[in-house]
Peer 1: 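Before I ask anything, let me first share the structure, which is written out below as structure tokens.
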Amino acid sequence: MMKKLILNIALFALIFVQNISAQDLPEWAKDLIIYEVATRGFTSPDGPESGTFKSMQEKLHYLQKLGITGIWLTGTNLGDPKHFYNIWTQYACVDPTKLDPALGTSGDFKALIDDAHQRGIKIFMDVITHGVMNDSPLIKEHPEWFRGGSWGMTDFDWYGNHKDLDEWWVKTFTDWVLNYGVDGYRLDVNIYRPDLWKRIKQNTAAAGHPVVVFNESWVHSEGAGDFLQRMTTLSNQRMGPDMNVLLHYDVASHYQQFDYFRIVELSIQYTDKSVDRGYFDVKPFLDAAIVGHYDPEPKGALKLTLLNSPGQPSPEKQEPYRLLIEGVNPGKVIKNVNIRPLGWNLQYNYGTHGSLLAGFTGSTRYEMEIMPFVPDRLLYSTQLSSHDDGWEGSPLNKNPYVAEGSRSMFGYSFLFTPSIPVFMSGEEFNADYIPLPTHTPDLWGKGEHGKGRWLYASMLDWEQLKQPPKRDMLDDVTRMIAIRKANIDLFRPLTSDKKPLLKPVSLQTTGIDIDSIPVPYMLYNDAIAIVICGNTTDKTVKGFLNISLTGTPLENATQLQITDLWNGGKTKRIKTENLRKFPVIMKPDKTKRGGIAMLKIEIVRSN
């Protein structure tokens with residue numbers, strides 16, 4: 001017996017009818033460099049887990065010198081001290097209208113934000129959108145606002161037509177902006193009610209303080225979201241760097257992926273929380289040069305078959321995909337189905353709230369019909385690391401920080417891509433991971449204290465900056481950020497419906513496997529071009545770049561000025577034909593001034 005799940009959700013057209021989108025953002029949003037802070041462990045004025053708004057404010061001078069322009073503050077509201085990993089977290093929220101007194105007073109919070117603004121730094125609050133702790137007074141005051149639960153908490157009944165809940169939510173997150181100067185919000189788990197976030201943005205814009213909203217994952221936000229925490233992530237949160245991500249070794253090809261819709265993975269979650277997965281072979285869809293790097297683990301309990309060939313979607317053509325799913329467990333009840341397309345780091349979820357699929361059971365085969373997914377119109381963004389790296393199940397002997405001193409990863413794959421960068425505090429100086437003393441390896445507090453690897457539970461030791469290797473890493477990252485900001489017209493992200501102007505650059509070298517070296521790329525506009533090279537090896541790489549300006553606004557130039565941005569800023573003039581064999585040297589990765597090379601190309605104009 002086969003059951004059909006006809007989920008004909010016409011998502012494609014939504015991108016063309018948004019009334020708030022990334023194009024309406026304040027200009028400063030496009031220049032963001034987001035630095036995530038877990039407030040309790042960022043500083044330790046009185047021992048472990050004693051960080052406060054005041055002690056964080058004392059670090060603003062350091063952050064200003066580093067060059068970041070936005071702080072994602074994952075510690076503000078009243079929270080439970082043991083619910084997750086046996087430590088205090090923002091994500092065990094008790095009441096989103098109240099500051100946690102352990103972090104300081106409302107005056108301390110306002111002083112932190114005001115000081116940050118004086119230094120050109122924006123402040124983003126973390127919003128726990130799904131619900132509150134089970135003992136929250138809000139549940140007793142408004143029991144009708146809540147229904148069901150997740151993450152060991154009680155969830156808001158977002159679809160129960162509670163007008164007073166809607167008004168309270170809009171007022172709460174409007175007031176944080178108007179009363180304290182908060183610049184925006186990161187939305188944990190899901191946006192749930194885009195209409196409410198549109199109202200919040202409209203309220204704050206009308207008051208002269210427009211805000212930016214970024215979602216954790218890529219769920220459709222009807223234009224209320226502006227960029228994503230996880231549009232592209234360079235890590236797998238349990239295993240460190242995710243080498244399936246093209247940004248690690250071929251930045252130009254990564255941005256080419258955003259052209260088309262291909263389903264890579266389908267997973268079915270059952271009501272008992274178990275999951276079965278199936279994978280399509282993506283190799284036929286990828287460039288031959290990169291297919292060897294992409295391993296989607298095509299083995300899985302589910303067998304997937306595409307029953308039609310709809311081709312690439314367009315505004316005029318919205319033919320659904322028909323999938324045959326085989327190998328489903330007939331003895332379990334389906335809760336939801338997730339689809340992950342190639343080119344987008346997301347899973348699109350059908351049936352999250354049980355409205356579509358809850359109750360389907362009894363068959364091993366299902367047919368599913370979906371419309372091609374086209375995401376919101378968002379600014380490109382890239383996450384190097386976040387608090388969720390080192391998640392439950394990570395090796396207890398592994399550092400959950402992602403770059404671990406790699407200049408190539410920090411520069412080539414991250415800071416020098418045309419996207420909003422997001423990274424965790426401590427990554428900039430290759431901090432040793434020191435877990436909070438009560439942190440456990442189990443999400444629910446089981447296991448030996450001090451043995452977990454969740455990056456949110458990291459306790460930064462600022463004395464490490466006295467060590468030359470740590471100081472060298474900080475100096476190099478500070479230099480990278482300064483280069484990015486000095487050339488922001490190239491690195492400023494576009495919205496995801498447009499492709500950045502970049503192309504691959506050929507590299508010839510000897511004495512080293514060329515496939516172990518990331519593919520150089522060139523970003524350009526009508527005035528300049530910058531070539532970025534990466535070296536992920538522990539050897540010095542010497543070679544020649546074949547830089548072609550064909551197809552760029554610089555292609556008719558005869559005289560050029562080349563500036564070595566990474567190694568001293570020296571400049572020289574050359575003829576355009578000399579770009580065909582231009583020498584390049586990259587020192588070993590994870591060493592001072594190693595891992596990358598950067599060349600800025602400008603036209604020499606005659607008087």
Side-chain angles (χ1 to χ4, degrees), residues 18-20 24-26 29 53 72-80 90-101 103-114 116-117 122-147 153-216 219 221-226:
Q18 297 173 0
N19 55 12
I20 297 178
D24 302 311
L25 282 171
F53 297 137
W72 163 16
L73 193 57
T74 65
T76 53
N77 298 122
L78 187 62
D80 184 277
Q90 171 76 44
Y91 305 106
C93 183
V94 174
D95 188 338
T97 68
K98 293 181 171 61
L99 295 171
D100 197 306
L103 295 171
T105 66
S106 58
D108 296 338
F109 186 53
K110 183 69 163 59
L112 168 67
I113 295 174
D114 289 346
H117 288 170
K122 306 297 182 181
I123 299 290
F124 298 89
M125 288 180 70
D126 214 327
V127 180
I128 315 310
T129 56
H130 67 89
V132 294
M133 292 297 296
N134 298 332
D135 59 355
S136 170
L138 288 171
I139 301 173
K140 294 180 181 179
E141 294 169 11
H142 300 281
E144 72 281 3
W145 286 4
F146 299 90
R147 179 183 181 185
M153 299 163 66
T154 300
D155 285 348
F156 292 110
D157 184 17
W158 284 123
Y159 306 100
N161 196 30
H162 305 292
K163 298 298 183 184
D164 52 346
L165 169 60
D166 294 353
E167 295 304 317
W168 171 80
W169 190 261
V170 171
K171 184 178 187 307
T172 293
F173 295 104
T174 299
D175 284 352
W176 283 118
V177 177
L178 302 188
N179 296 337
Y180 293 92
V182 168
D183 298 295
Y185 299 99
R186 178 263 185 182
L187 308 186
D188 185 63
V189 178
N190 202 329
I191 194 169
Y192 294 111
R193 290 288 302 280
D195 59 315
L196 301 184
W197 286 100
K198 288 181 182 179
R199 288 177 57 192
I200 292 164
K201 293 176 78 172
Q202 289 164 350
N203 289 348
T204 58
H209 194 133
V211 297
V212 167
V213 172
F214 62 107
N215 307 336
E216 177 175 3
V219 292
S221 72
E222 300 175 21
D226 300 307

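Predicted, not measured: the structure shown is a model, and the values here were computed from it.
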Peer 1: Before giving the answer on side chain to side chain contact (heavy atoms under 4.5 Å, CB included), spell out for D157 and H162 the whole-Å C-alpha distance, their side-chain angles and the decisive distance to 0.1 Å.
Peer 2: CA-CA 8 Å; D157 184 17; H162 305 292; 2.9 Å; yes
Peer 1: Taking C-beta and beyond as the side chain, do D95 and V132 meet within less than 4.5 Å on heavy atoms?
Peer 2: no
Peer 1: In the structure I gave you, are the side-chain heavy atoms of W176 and T172 within less than 4.5 Å of one another anywhere?
Peer 2: yes
Peer 1: Measure the spacing between CD1 of I200 and CG of D195 and express it to the nearest 0.5 Å.
Peer 2: 9.5 Å
Peer 1: For D100 and G79, indicate whether the former's side chain and the latter's backbone hold a donor-acceptor pair under 3.5 Å.
Peer 2: yes
Peer 1: Using the ring-ring contact (aromatic ring centres under 6.0 Å, His included) criterion, which residues pair with Y91? Sequence neighbours excluded.
Peer 2: H387, Y456
Peer 1: Applying the side-chain hydrogen bond (donor to acceptor under 3.5 Å, both in side chains) test to H209, which of T204, D183, N203 qualifies?
Peer 2: D183
Peer 1: Would you check, one step at a time, whether the test side chain to side chain contact (heavy atoms under 4.5 Å, CB included) holds for R147 with W158?
Peer 2: CA-CA 9 Å; R147 179 183 181 185; W158 284 123; over 6 Å; no
Peer 1: Working to the nearest 0.5 Å, report the span between CE of M153 and CG of D80.
Peer 2: 9.0 Å
Peer 1: Search all heavy atoms of G184 against all heavy atoms of V211 and return the closest pair with its distance.
Peer 2: CA-CB, 3.9 Å
Peer 1: Has the side chain of K122 got a donor or acceptor atom that lies under 3.5 Å from a matching backbone atom of V212?
Peer 2: no
Peer 1: Hey, could you give me the NE2/CG distance between H117 and L112, rounded to the nearest 0.5 Å?
Peer 2: 9.0 Å
Peer 1: Between T129 and D188, is there a side-chain donor-acceptor contact under 3.5 Å, judged purely by atom types and distance?
Peer 2: no
Peer 1: Would you say that I191 contacts R193 through its side chain, given a criterion of any heavy-atom pair below 4.5 Å between the two side chains?
Peer 2: no
Peer 1: Answer whether the closest heavy-atom distance between the side chains of P96 and L138 falls below 4.5 Å.
Peer 2: yes
Peer 1: Does the E216 side chain pair with the main chain of L187, one donor and one acceptor, at a distance under 3.5 Å?
Peer 2: no
Peer 1: Walk me through it: do L99 and S106 pass the test side chain to side chain contact (heavy atoms under 4.5 Å, CB included)?
Peer 2: CA-CA 7 Å; L99 295 171; S106 58; 4.2 Å; yes
Peer 1: Nearest 0.5 angstrom please: D175 CG to T97 OG1, how far?
Peer 2: 10.0 Å
Peer 1: If the test is ring pair (Phe, Tyr, Trp, His ring centres under 6.0 Å), which one of Y192, W145, W169 qualifies with F156?
Peer 2: W169
Peer 1: Go through the structure and list residues passing side-chain contact (heavy atoms from CB on, under 4.5 Å) with L178, not counting sequence neighbours.
Peer 2: T174, A207
Peer 1: With Q90 as reference, evaluate T76, L103, L73 under the side-chain contact (heavy atoms from CB on, under 4.5 Å) test and give the passing residue.
Peer 2: T76
Peer 1: Please check: side-chain N/O of D226 versus main-chain N/O of V213, any donor-acceptor pairing under 3.5 Å?
Peer 2: yes
Peer 1: Is there side-chain contact between E167 and D164, with heavy atoms separated by less than 4.5 Å?
Peer 2: no
Peer 1: Could you tell me if the ring centre of W197 sits under 6.0 Å from that of Y185?
Peer 2: yes
Peer 1: Does any part of the side chain of P101, heavy atoms only, come nearer than 4.5 Å to the side chain of L78, both counted from C-beta?
Peer 2: yes
Peer 1: Report the distance from atom CG of N77 to atom OG1 of T74, rounding to the nearest 0.5 Å.
Peer 2: 11.5 Å
Peer 1: Begin with the C-alpha distance, continue with both residues' side-chain angles, and end with the deciding distance and a verdict on salt bridge (Lys or Arg N to Asp or Glu O under 4.0 Å) for R199 and D166.
Peer 2: CA-CA 10 Å; R199 288 177 57 192; D166 294 353; 5.7 Å; no
Peer 1: List for me each residue that meets ring-ring contact (aromatic ring centres under 6.0 Å, His included) alongside F214, sequence neighbours excluded, and say none if there are none.
Peer 2: W72, F124, F227
Peer 1: Can you tell me how far the CG atom of N161 sits from the NZ atom of K163, to the nearest 0.5 Å?
Peer 2: 5.0 Å
Peer 1: Which heavy atom of P194 sits nearest a heavy atom of A224, and at what distance?
Peer 2: O-CB, 3.7 Å
